[in-house]
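A short write-up of the structure that comes next.
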2 protein chains.
Amino acid sequence: MTVSGRRGQRPTLEQVAAYAGVGRGTVSRVINGAANVSDQTRTAVQQAIAELGYVPNRAARALAAGSTDAIALVIPEAETRLFAEPYFSGIIRGVSTELADTDMQLLLTLIRTPKERDRFAQYVTAHRVDGVLLVSVHADDPLPDLLERIEMPAVLSGRRSGDESVPYVDCDNTGGAQAAVEHLIGRGRRAVATVTGPLDMYVAQCRLHGYRDALRAAGLEQDERLVADGDFTEEGGRRAMRELLSRRPDLDAVFCASDVMAAGARAVLRESGRRVPEDVALVGFDDSAVARHMDPPLTSVRQPLEEMGRSMARVLLEQIEDRKAGRDDRAGRVLPTELIRRASS
Amino acid sequence: MTVSGRRGQRPTLEQVAAYAGVGRGTVSRVINGAANVSDQTRTAVQQAIAELGYVPNRAARALAAGSTDAIALVIPEAETRLFAEPYFSGIIRGVSTELADTDMQLLLTLIRTPKERDRFAQYVTAHRVDGVLLVSVHADDPLPDLLERIEMPAVLSGRRSGDESVPYVDCDNTGGAQAAVEHLIGRGRRAVATVTGPLDMYVAQCRLHGYRDALRAAGLEQDERLVADGDFTEEGGRRAMRELLSRRPDLDAVFCASDVMAAGARAVLRESGRRVPEDVALVGFDDSAVARHMDPPLTSVRQPLEEMGRSMARVLLEQIEDRKAGRDDRAGRVLPTELIRRASS
DNA sequence: AAGTCCTTTGGGAGCGCTCCCAGGCGTGAT
DNA sequence: ATCACGCCTGGGAGCGCTCCCAAAGGACTT
């Protein structure tokens with residue numbers, strides 16, 4: 001870690017210029033990779049930069065250029081506990097990776113209260129960032145619309161509905177659920193139940209669709225007694241499982257739309273004296289830590305979280321570029337999921 | 001969410017001044033809470049600010065004032081998977097909470113490679129942030145020393161050793177471990193084993209100390225055959241548990257220095273035909289999601305993560321203030337842990 | 001030899017703020 | 001009435017960049 005000291009006084013662009021015997025503009029051009037600089041000059045400047053240990057002053061650059069070189073990653077606090085851990089850390093890791101060789105900075109913003117939301121709205125409206133990444137917004141969150149209105153580049157993780165107007169990155173929830181259920185059917189299960197998330201969330205709808213698609217494709221009957229809402233919580237999973245067992249005691253498999261609900265369901269299955277997977281096969285969704293540590297370990301659908309994070313960053317950066325260039329090419333991106341097979345099915 | 005539009009042109013301080021019929025300096029004074037402004041003027045300015053929807057331009061302020069109003073939260077990538085989720089999200093939540101009514105911004109920096117570390121070092125050396133929060137650094141990480149050398153305010157989560165020179169916030173690992181083991185002894189267990197973390201980590205040493213302290217206080221013999229290194233991993237926990245069982249098949253309780261290792265130990269106990277807690281009581285550390293979802297749910301020592309995050313932010317802000325004022329009052333802070341009792345003990 | 005066009009370069013202006021100095025004005029003392 | 005001393009206030013200077021214009025020079029053409 002060689003950082004030339006020269007304590008107190010950081011070198012400025014002007015000093016670099018003087019040292020290299022060129023003008024300020026030229027150094028600026030070299031730094032920003034402008035084309036029209038002779039090789040010789042460029043080399044001289046680069047050397048001066050290296051020798052002086054020059055690092056551009058972001059504030060000055062932002063002020064002069066009117067950009068900020070920063071994007072905000074916004075996480076609604078409610079989600080912080082619920083979806084919780086693996087989701088965020090995965091996405092953050094991806095975003096950070098993608099940003100690593102940009103000189104964009106990542107601002108982390110947790111939003112807990114309406115007051116904080118307003119404050120962030122102000123902040124964003126004042127164009128203090130170049131773009132915004134919104135993680136797991138609710139359908140009724142006003143932020144996406146605000147961002148659209150003020151023409152601030154933004155990317156959502158997940159969609160609020162089937163025809164999302166803001167650019168997004170999502171994973172293939174339908175396909176993942178379908179694969180999970182196909183897997184269960186392939187193992188000879190015939191009475192496959194599902195514990196869904198709250199059906200006012202698009203992600204929950206998709207996973208239910210996937211379930212139905214798989215049954216239909218296999219020519220199995222759809223029995224509404226095999227479908228129960230688990231609310232994406234462990235307690236909800238318990239409740240839903242009890243309901244399912246009372247309605248169809250003969251069920252031989254359950255697809256849960258989240259691992260946490262699967263954990264609840266698993267507990268109820270145990271209480272009812274049923275073995276997993278011998279009597280009832282179980283599959284979850286998310287491939288979280290919970291899944292790996294359940295007994296037996298839970299088969300689950302993995303979302304490519306890190307890749308989603310990378311995609312989000314990439315899509316956002318493109319959007320920022322496009323805006324600058326006057327283009328406007330907004331599109332969503334859906335990434336594939338993967339079934340991780342473990343002992344529970 | 002009322003954000004006055006006035007699209008395209010954000011109001012500047014100058015415009016606020018004109019609108020309020022005062023000079024630039026006066027508006028600046030009001031914004032920064034300087035004392036010597038008459039009440040009347042202050043009110044007029046505040047109203048102008050509100051009516052124009054003025055939001056100060058950070059870049060300009062940073063440039064003029066030579067500060068940045070931003071702090072960096074640095075997470076070494078290696079840790080991102082290991083300690084993983086609850087640790088970071090808890091700390092981040094705390095930091096963010098504490099920063100919420102400051103106008104400090106939180107920059108998130110993941111460091112994976114030496115190259116990224118150097119880049120961050122450059123960045124920090126160029127004083128592009130006002131302070132740094134370092135999460136779970138290793139004893140051999142060069143970053144803390146660098147920060148000390150360039151006199152950049154910094155706070156560590158956890159200590160690298162008993163006499164940490166950089167300000168830190170830690171939880172009471174020794175006390176937590178001691179409480180856990182006392183709890184086991186209180187339940188009548190006499191052959192209490194422990195699975196430790198890697199003993200070159202200070203945190204692992206502390207937890208082992210707590211274990212020994214509790215045994216000593218209860219007048220129980222210390223048997224080195226009851227101590228095994230589990231390396232803070234699940235596989236390590238398995239290995240350590242096997243070793244312990246072969247050395248002391250009569251053990252009736254195990255204190256694991258992390259939940260993840262406890263999960264490994266639990267699996268081995270099951271394989272060996274032992275019941276938890278009837279035959280062997282089990283306690284973990286961290287109170288992570290894993291603990292709640294184990295079968296039976298795992299008694300564990302909770303670290304006040306969110307409070308640690310808040311403390312870190314607070315200590316850092318104080319330090320930044322102190323530096324400005326020429327003072328220099330660096331100190332560590334240790335927060336208490338709490339034993340969460342569940343069915344495993 | 002003069003004119004044209006392109007590439008490369010230097011440096012002025014200005015981004016929106018903070019810092020600080022000088023000046024205005026009121027109050028109390030002389 | 002005069003002076004000294006405060007408190008407020010306005011606005012110049014300057015933070016370190018980017019943007020852009022003008023100018024210098026080289027390679028061709030006429």
Side-chain angles (χ1 to χ4, degrees), chain A residues 6 8-46 48-49 52-70 103 105 123 125-128 130 324, chain B residues 6 8-46 48-49 52-70 103 105 123 125-128 130 324:
Chain A
R6 228 174 245 75
Q9 285 310 316
R10 319 286 140 208
T12 69
L13 184 146
E14 187 107 36
Q15 290 168 36
V16 173
Y19 189 90
V22 300
R24 242 172 40 252
T26 305
V27 178
S28 178
R29 258 166 244 132
V30 171
I31 290 171
N32 296 298
N36 45 346
V37 179
S38 72
D39 284 350
Q40 194 187 354
T41 311
R42 180 188 313 278
T43 310
V45 171
Q46 281 166 339
I49 289 176
L52 261 35
Y54 169 74
V55 180
N57 182 322
R58 280 200 118 75
R61 176 181 285 188
L63 181 57
S67 72
T68 64
D69 285 357
D103 58 353
Q105 293 195 146
Y123 191 76
T125 306
H127 283 272
R128 298 314 183 231
D130 289 346
K324 255 190 230 158
Chain B
R6 227 175 245 71
Q9 283 310 316
R10 316 290 139 207
T12 69
L13 184 147
E14 186 109 37
Q15 290 169 35
V16 173
Y19 189 90
V22 300
R24 240 172 40 251
T26 305
V27 178
S28 178
R29 258 167 245 131
V30 170
I31 289 172
N32 296 299
N36 45 348
V37 178
S38 72
D39 284 351
Q40 194 187 354
T41 312
R42 182 188 313 280
T43 311
V45 171
Q46 281 166 341
I49 289 176
L52 260 36
Y54 168 74
V55 179
N57 181 324
R58 279 200 119 75
R61 175 180 282 186
L63 181 58
S67 72
T68 64
D69 285 358
D103 58 353
Q105 294 194 147
Y123 191 75
T125 306
H127 282 271
R128 299 311 184 234
D130 289 346
K324 254 190 231 158

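Residue numbering restarts at 1 for every chain, and letters A, B, ... go by the order of the sequence lines. Atom set for the values below is all heavy atoms of this structure, side chains included, hydrogens, waters and symmetry mates excluded.
Taking atom CG on B:L63 and atom P on D:dG14, their separation rounds to 14 Å, with Å as the unit. Note: CZ (B:R24) to C1' (D:dC15) measures 13 Å, nearest angstrom. Taking atom CG on B:N57 and atom P on D:dC15, their separation rounds to 18 Å, with Å as the unit. The CZ atom of B:R10 sits 15 Å away from the C1' atom of C:dG16 (whole-angstrom rounding). In this structure, CG of A:L52 is placed 14 Å from P of D:dG16, rounded to the nearest angstrom. In this entry the distance linking NE2 of B:H127 with P of D:dC17 reads 15 Å, nearest Å.
Within the 4.5 Å cutoff, no side-chain heavy atoms of B:L13 are placed close to those of B:R61.
The side chain of A:A60 lies closest to D:dC17, out of D:dC19, D:dA13, D:dC17. Of the listed nucleotides (C:dT18, C:dG16, D:dT18), C:dT18 has the atom at the smallest distance from the side chain of B:A65.
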List, with names and distances, any nitrogen or oxygen atoms from the protein found under 3.5 Å away from nitrogen or oxygen atoms belonging to nucleotides 7-9 of chain D.
from	atom 1	to	atom 2	distance (Å)
D:dT9	OP1	B:S38	OG	3.0
D:dT9	OP1	B:T41	OG1	2.4
D:dT9	OP2	B:S38	N	3.1

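Across all non-hydrogen atoms, the minimal contact from B:R128 to A:V55 is NH2-O, 2.7 Å.
Contact annotation: A:S28 side-chain N/O to D:dT18 OP1/OP2 distance is under 4.0 Å.
Comparing the local axis fitted to the first five base pairs of the helix from C:dA1-D:dT30 to C:dT30-D:dA1 with the one fitted to its last five gives a bend of 60°, rounded to 10°.
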